Amino acid sequence: MGKTFDIGLERLTGGSEFPIGSSITTNKGHANRLAARAEASELDTMRGASQGTFFLETFGCQMNDHDSEKVAGVLLSRGYQQVESPDSASLILYNTCSIREKAAQKVFSRLGEFGLRQNDGRIIGVLGCVAQQEGEEIFRRAPWVSLVCGSASYSKLPELLAQVEAGNQRVTGLDNDTDETFETTVTRRDNPWRAYLTIIEGCDKACSYCVVPYTRGPERSRASDSILREVRQLAELGYSEVQLLGQTVNSYKDPTARKMRFSELLLAVADEPGIRRVRFTTSHPRDFSRDIVDVIDAQPKLCNHVHLPVQSGSTKVLQAMQRTYTREEYLEKIAMIREAKRTISITTDIIVGFPGETDEDLAETLSLLDAVKYDALFSFKYSPRPHTPSLKMNDVISEEEKSRRLAVLQEKQREIQTARHSAMVGETFELLVSGKSRRENQWSGHTSCHRVINFASQEQALLGKYVQVRVTGATPNGLTGEQAL
Ligand code: 5AD
Ligand code: SF4
């Protein structure tokens with residue numbers, strides 16, 4: 001479900017950003033040229049620092065994607081070259097996700113592949129949430145790993161890499177209480193038009209199922225002047241869309257004397273010349289205030305999409321999850337968003353099979369779907385995680401039953417999405433074109449409300465441009481269209 005939405009969270013479930021899959025390619029060459037401009041002077045001073053090559057694979061959410069862009073920037077500035085396959089790399093890094101057990105297991109299966117040839121001289125490192133969660137245990141399970149570094153310690157990555165390069169076999173960066181955010185002078189961005197920007201790290205909420213407060217540490221907001229400086233640089237490099245990131249992005253608290261509210265920051269980002277679209281994810285319902293809706297209404301550059309995870313439609317389950325709001329309070333936030341002058345798309349995350357969830361609780365979640373009519377839904381089976389309060393609750397619901405509940409939920413959303421998509425046929429949207437199919441005259445892009453549309457156009461050079469597209473076809477998972485001239 002939710003494939004039409006270009007939200008990136010699909011990465012958590014192994015989906016693809018482009019619904020027509022491998023036939024779409026992005027213009028990475030252009031991205032690299034843009035990044036190269038920013039990096040040129042730094043690289044000059046570092047030239048010769050390393051003859052190494054690195055392979056970096058990323059699992060998980062957009063925060064991880066963006067962390068990897070920064071890690072790649074740091075490595076490039078040390079003279080490394082990026083390669084597409086681990087076979088030709090002298091440094092292999094996995095930036096890992098531990099939000100659910102399946103994601104965490106993936107990295108151990110990757111690491112296992114190197115066990116048989118552990119003396120071939122390569123350096124292997126584990127970064128991100130599994131690194132933070134498992135710590136030095138990773139060295140025991142995979143002794144061929146030499147670097148284990150959690151995201152809260154990335155500001156130390158250059159030092160840690162220097163130790164690894166000097167031949168140290170067991171290098172760790174596992175502090176979790178740093179108030180430094182990971183600001184690098186060089187970030188190698190993957191997408192040439194849309195730039196991610198982390199504005200708040202970590203999380204101070206304490207949802208009982210969630211490992212993030214443990215793996216990413218306490219909430220730390222980045223200074224507003226530093227954010228705005230980076231947005232200005234991005235605009236100068238040709239980026240027209242910026243996406244502000246944070247686990248609870250709308251809990252942003254400006255640490256400077258300016259004390260900008262989140263909504264004021266949104267307006268200030270949109271005011272930077274060259275910026276055409278500003279989006280933000282993920283919002284926490286508790287901190288979602290009316291002023292955010294007001295600024296979306298006032299400034300069309302602020303995208304009309306809010307990702308507002310509900311997790312469950314049952315107040316009883318929400319309480320057990322420690323989500324800090326009731327079903328009714330959540331629905332009040334939805335009503336506030338629906339009162340906006342512009343139609344704002346709303347997407348959500350839901351967990352089924354949380355300990356103690358009954359059929360009645362599931363029925364409440366289904367009725368919430370009817371009440372809200374989400375534009376897309378990201379749904380997950382509850383997965384017990386280390387260091388989380390819900391581990392102590394009895395996970396009485398079997399995997400089979402969780403799968404059944406997930407299927408029921410997804411079927412419900414399928415019906416809602418089918419109706420929503422059919423109603424869009426004939427409407428025209430502005431798209432930022434970011435993909436070109438190998439099939440002739442076929443392109444793909446995303447709307448301000450974050451939907452992906454595949455469309456036909458006879459024009460030749462559309463990548464990075466904004467075009468009007470009329471929707472001509474709809475399925476539950478996708479929209480197709482043609483350029484409106
Ligand atoms: N089990 C299942 N899903 C989870 N999520 C977070 N932790 C868990 C867990 N332990 C889901 C939530 C969150 C999304 C990113 O991942 O729905 O919003
Ligand atoms: Fe996890 Fe809850 Fe924080 Fe989101 S708000 S990162 S679900 S603890």
Side-chain angles (χ1 to χ4, degrees), residues 1-2 5 7-15 59-65 97-105 128-130 132-133 151-152 176 198 200-221 245-252 280-288 306-314 317-325 330 333 346-357 365 368-369 374 376-393 395 397 399 402-403 405-406 409-410 413:
M1 261 302 139
F5 260 82
I7 197 169
L9 287 170
E10 286 156 341
R11 295 285 306 277
L12 288 170
T13 50
F59 303 88
C61 62
Q62 287 138 317
M63 300 279 289
N64 262 16
D65 280 340
C97 170
S98 66
I99 196 106
R100 281 171 296 278
E101 199 185 349
K102 255 195 200 155
Q105 274 167 355
C129 295
V130 175
Q132 193 69 50
Q133 183 185 296
S151 64
N176 209 357
T198 304
I200 172 169
E201 290 271 0
C203 182
D204 273 356
K205 305 280 190 272
C207 303
S208 59
Y209 53 82
C210 186
V211 75
V212 167
Y214 181 82
T215 54
R216 286 191 171 262
E219 183 186 291
R220 288 96 67 205
S221 292
L245 296 180
Q247 303 292 343
T248 54
V249 74
N250 57 326
S251 312
Y252 176 79
F280 55 91
T281 197
T282 291
S283 295
H284 192 284
R286 174 69 181 254
D287 297 333
F288 200 88
V306 173
H307 184 61
L308 201 65
V310 65
Q311 312 299 359
S312 169
S314 147
V317 175
L318 289 172
Q319 266 163 4
M321 288 177 164
Q322 291 169 206
R323 284 293 287 178
T324 70
Y325 53 83
Y330 181 86
K333 305 281 177 173
I346 307 176
T347 55
T348 202
D349 294 344
I350 288 178
I351 298 174
V352 295
F354 188 77
E357 185 193 61
T365 299
L368 186 94
L369 257 53
Y374 289 108
L377 164 68
F378 299 86
S379 49
F380 311 102
K381 289 190 273 183
Y382 168 70
S383 165
R385 306 308 299 129
H387 314 287
T388 58
S390 66
L391 255 194
K392 295 192 196 83
M393 303 174 188
D395 184 19
I397 299 165
E399 274 308 299
K402 284 182 197 166
S403 300
R405 293 183 190 187
L406 191 71
L409 183 76
Q410 291 181 341
Q413 177 63 15

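First listed ligand is number 1; within each ligand, the first listed atom is number 1. If you're wondering where the values come from, they're calculated on a predicted model, not measured in any experiment.
- Under a 4.0 angstrom heavy-atom cut-off, Arg323 registers as being in contact with ligand 2.
- Less than 4.0 angstrom separates some heavy atom of His284 from each of these atoms of ligand 2: 5 (S).
- Contact atoms of ligand 1 toward Arg100: 1 (N), 2 (C), 3 (N), 4 (C), 5 (N), 11 (C), 16 (O) (distance under 4.0 Å to a heavy atom of the residue).
- Under a 4.0 Å criterion applied to the non-hydrogen atoms of Pro213, ligand 2 contributes the atoms 8 (S).
- Interface atoms of ligand 2 facing Cys203, defined by a heavy-atom separation under 4.0 Å, are 3 (Fe), 5 (S), 6 (S), 8 (S).
- At a heavy-atom cutoff of 4.0 Å, ligand 1 is contacted by the side chain of Gln311 but not by its backbone.
- When heavy-atom distances to ligand 1 are checked against a 4.0 Å cut-off, Ile351 comes that close only through its side chain, counted from C-beta outward.
- Donor-acceptor pairing under 3.5 Å is recorded for the side chains of Ser390 and Tyr382.
- Within the 4.5 Å cutoff, the side chain of Asp349 has heavy atoms near those of the Phe378 side chain.
- Neither the backbone nor the side chain of Pro309 comes within 4.0 Å of ligand 2, counting heavy atoms alone.
- Each of the following atoms of ligand 2 lies closer than 4.0 Å to a heavy atom of Tyr209: 7 (S).
- With a heavy-atom cut-off of 4.0 Å, Phe380 touches ligand 1 through its side chain alone.
- In summary, the side chains of Ser403 and Lys381 do present a donor paired with an acceptor at a separation below 3.5 Å, with no hydrogens or angles considered.
- Inter-residue side-chain proximity for Ser221 and Glu201 is flagged as unmet; no heavy-atom pair is nearer than 4.5 Å.
- From the protein, the heavy atom lying nearest to atom 1 (Fe) of ligand 2 is Cys210 SG, 2.2 Å.
- Between Ser383 and ligand 1, at least one pair of N/O atoms sits closer than 3.5 Å.
- Taking the six-membered ring where the residue is Trp, His387 and Tyr214 present parallel rings, their angle staying beneath 30° rather than reaching 60°.
- For the pair Ser383/Lys102, no side-chain contact is recorded, criterion being any heavy-atom separation below 4.5 Å from C-beta on.
- Between the side chains of Gln410 and Ser379, at least one donor N or O sits under 3.5 Å from an acceptor N or O.
- Annotation: cation-pi geometry not satisfied between Arg385 and Tyr209 (NZ/CZ under 6.0 angstrom from ring centroid, within 45° of ring axis).
- The shortest distance between side-chain heavy atoms of Leu308 and His284 does not fall below 4.5 Å.
- At least one N, O or S atom of Cys207 sits under 2.8 Å from atom 2 (Fe) of ligand 2.
- A side chain to side chain contact (heavy atoms under 4.5 Å, CB included) with Pro309 is found for one member of Ile350, Thr281, Thr282, Thr248 and no other, namely Thr282.
- Near Thr248, meaning under 4.0 Å from any of its heavy atoms, are these atoms of ligand 2: 5 (S).
- Taking distance alone, with nitrogen or oxygen atoms compared against 3.5 Å, Asp349 approaches ligand 1 more closely than that limit.
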